[in-house]
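Each chain gets a letter, A, B and so on, in the order the sequences are listed, and its residues count up from 1.
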Amino acid sequence: MPARTRGAEGPEGRLDGRGPEGSQPERSDGRFAEALLAWYDRHARVLPWRVSPADLAAGIRPDPYRVWMSEIMLQQTTVAAVKGYFASFTERWPTVEALAGAADAEVMGAWAGLGYYARARNLLACARDVASQRGGRFPETAAELRSLPGVGEYTSAAIAAIAFDEPVAVVDGNIERIATRIACIETPLPAARRPIRALVQDLTPAKRPGDFAQAMMDLGATICTPRRPACVLCPVGEGCKARRQGRQELFPVKAAKGAKPAREGAAFVLRRTGDGAVWLRRRPPSGMLGGMSEPPTTDWSSRADGATGAEAAPVAADWRLVGFVRHGFTHFDLTLEVWTAEAGADPGIDGWWASPSTLDGEALPTLMRKVLERAAADQAGAAAI
DNA sequence: TATACGTGGAT
DNA sequence: TATCCAAGTAT
């Protein structure tokens, strides 16, 4: 980077294009993107779904299917959590046509544990749409991508920029954080979305928009972090208003959250005498844990009116309370009673027997795996006595 | 605009 | 233990 000039912009010069919040936006002079991309060329994270800046410069293009898959998985989910799922999905279903041909239960089972299961339902719906209606080709513009199930404002822009070189503003949580620091945007999220988008659009270069977006996300993940950002290492720190004021940790400003309510219910683990298979059923196709499998549970109600206990069981049996499972969701905390019983015959309710050897492939969310573990631990304890 | 929607790791 | 947080979308 050349030395900054001190001119009409003010004593700090500018690397970005900032005016005060709410003022007429000035056009970026391109130096922000230039500095960021130079840093990215040296420090880009190596990720399984990514084409390195060097390979990209050599003409290698990312596979839109893999870009799309990674972006869906990465929604509200850490890179560390996604890596294994991305590897197994792309190995099992290497193309969008292959994924489109998968059964619902296979995909839900493969997604189990990753969370936000509407993503898996939409993933399959999107794959089937692309395979059957679009000749296996993803749309190439953000506007068209936006119409696909599970592809929203962020994801459509990310795919368009990364896979198809469209110079659209890509705004995720990292980039919101960076933008609010650069410009000291005091408006709390999510109300600050509009000025943030305007700033990011202004900074986005016509060339290498995909690398720019990924560079911003790498910057947010490794330097411009939520807590204790490493400003001394920042390649664009000179253009950051918050850093100049020593207030980088005060951004982004966020709206206050309400308290998490508590809910409770009961789960009933019916074990088949002999082989230890457990009775599972499918949850309704939408809503909480929609489309996933579970041992029968009651509704999850607020603490006062919970009708729990053995009388709430789906079938009559010699039910025993063997413990509790606590699980924190985004918007409530759940405590589930875990009841077990033995059965010699089919219970006569909707569902199926899942033997221990097939349990791994079942679409069991983490909560339900905890329930089954609690039941199994009780059985192991009883056997040891 | 506000709320529903998972999970695991960090502090 | 409690809280926050991560490449958001749908309604």
Side-chain angles (χ1 to χ4, degrees), chain A residues 45 47-50 66-86 108 111-123 125-126 145-163 169-178 187-194 197 200 210 212-222 224-229 249 252 254-263 283-292 294 300 326-334 363-370:
Chain A
R45 286 179 293 174
L47 298 170
W49 46 84
R50 185 179 273 185
R66 294 167 62 87
V67 173
W68 162 74
M69 175 82 71
S70 70
E71 291 300 342
I72 301 299
M73 289 184 169
L74 286 162
Q75 289 167 3
Q76 296 288 287
T77 308
T78 59
V79 166
V82 164
K83 279 182 175 172
Y85 286 85
F86 180 81
M108 299 312 286
W111 195 278
L114 197 55
Y116 283 146
Y117 299 102
R119 294 185 295 172
R121 303 193 298 268
N122 286 328
L123 186 85
C126 181
L145 286 159
R146 181 71 177 78
S147 66
L148 298 172
V151 177
E153 199 63 39
Y154 160 77
T155 303
S156 57
I159 298 171
I162 294 168
V170 178
V171 184
D172 76 328
N174 286 302
I175 296 170
E176 286 181 341
R177 185 170 60 254
I178 295 168
T187 308
L189 288 174
R193 291 258 153 79
R194 207 179 311 278
R197 172 164 302 282
V200 173
F212 178 80
Q214 292 175 97
M216 289 283 274
M217 292 189 269
D218 281 15
L219 186 73
T222 63
C224 197
T225 49
R227 284 165 297 218
R228 305 196 49 133
E249 295 194 54
K254 294 193 173 183
K257 302 176 183 177
K260 267 205 256 186
R263 295 187 192 179
R283 289 180 62 84
S286 64
M288 195 75 185
L289 308 178
M292 301 296 282
E294 64 169 9
W300 310 339
R326 306 185 62 159
H327 193 74
F329 291 107
T330 305
H331 53 299
F332 63 92
D333 288 316
L334 178 67
L364 288 163
T366 297
L367 163 67
M368 300 306 171
R369 291 194 185 272
K370 283 190 194 175

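Residue A:L114 is in base contact, counting any heavy-atom pair closer than 4.0 Å across all strands shown. Residue A:I162 is classed as having no contact, given no heavy-atom separation below 4.0 Å to the nucleic acid. In this structure, A:T78 reaches the bases: a heavy-atom distance under 4.0 Å links it to at least one base atom across the strands shown. Across all strands shown, A:W49 has heavy atoms under 4.0 Å from base atoms, whether or not it also approaches the sugar-phosphate. Using a 4.0 Å heavy-atom distance criterion, A:V79 is classed as a base contact. Using a 4.0 Å heavy-atom criterion, one finds that A:R193 contacts no nucleic acid atom at all. Here A:T155 lies in heavy-atom contact (under 4.0 Å) with sugar-phosphate atoms only. Contact annotation for A:M217: base contact, defined as any heavy-atom pair under 4.0 Å involving a base atom. Nucleic acid contact class of A:Q214 (heavy atoms, under 4.0 Å, all strands): none. Heavy atoms of A:R228 sit nowhere under 4.0 angstrom from any nucleic acid atom.
OP1 or OP2 of C:dG8 sits under 4.0 Å from a side-chain N or O of A:Q76. A close approach under 4.0 Å does occur between a side-chain nitrogen or oxygen of A:Y117 and OP1 or OP2 of B:dT7. Contact check, A:H327 against B:dG6: no side-chain N or O comes under 4.0 Å of OP1 or OP2. Between A:H331 and the phosphate of B:dA4, there is no side-chain N or O to OP1/OP2 separation shorter than 4.0 Å.
For A:R119, the side-chain atoms get nearest to B:dG6 when compared with the rest of C:dA10, C:dG8, B:dG6. For A:F329, the side-chain atoms get nearest to B:dG6 when compared with the rest of B:dG8, C:dA6, B:dG6. Considering only the side chain of A:R146, C:dA10 comes nearest among C:dA6, C:dA10, C:dT9. You'll find that the side chain of A:D172 is closest to C:dG8, out of C:dC5, B:dG6, C:dG8. Counting only heavy atoms from C-beta on, A:M288 has its side chain closest to B:dG6 among B:dG6, B:dT7, C:dC5.
For B:dT3 and C:dC4, the P atoms lie 16 Å apart once the distance is rounded to whole Å. Separation of the C1' atoms belonging to B:dT1 and C:dA6 is 23 Å when rounded to the nearest angstrom.
Side chains of A:R119 and A:Q75: a donor-acceptor N/O pair is absent below 3.5 angstrom, by distance only.
No side-chain heavy atom of A:Y85 sits under 4.5 Å from any side-chain heavy atom of A:T77. With a 4.5 Å cut-off on side-chain heavy atoms, A:K83 and A:L47 count as touching.
The distance between atom CG of A:L74 and atom P of C:dA6, rounded to the nearest whole Å, is 13 Å. One can place CG of A:L189 at 10 Å from P of C:dC5, the figure rounded to the nearest angstrom. Counting to the nearest Å, the C1' atom of C:dG8 and the CD atom of A:Q75 are 5 Å from each other.
A ring-centre distance under 6.0 Å is found for A:H327 and A:F329.
A residue-by-residue look at A:T330 and A:N122 shows that A:T330 has its nearest nucleotide of DNA chain C further toward the 5' end. Heavy-atom distances to DNA chain B give each of A:R227 and A:G113 a nearest nucleotide, and the one nearer the 5′ end belongs to A:G113. Residue-to-nucleotide proximity on DNA chain B shows that, of A:R121 and A:P190, the 5′-proximal contact is made by A:P190.
Side-chain atoms of A:Y154 and base atoms of C:dG8 include no donor and acceptor less than 3.5 Å apart. A donor-acceptor contact under 3.5 angstrom links the side-chain atoms of A:T77 to the base of B:dG6.
Checked for salt-bridge contact, A:R228 and A:E249 miss the test: no charged N lies under 4.0 Å from a carboxylate O.
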Apply side chain to side chain contact (heavy atoms under 4.5 Å, CB included) to A:V82 and A:W49, showing your working.
CA-CA 11 Å; A:V82 164; A:W49 46 84; 3.9 Å; yes
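If you run side chain to side chain contact (heavy atoms under 4.5 Å, CB included) between A:E71 and each of A:L145, A:V151, A:I162, only A:I162 comes through.
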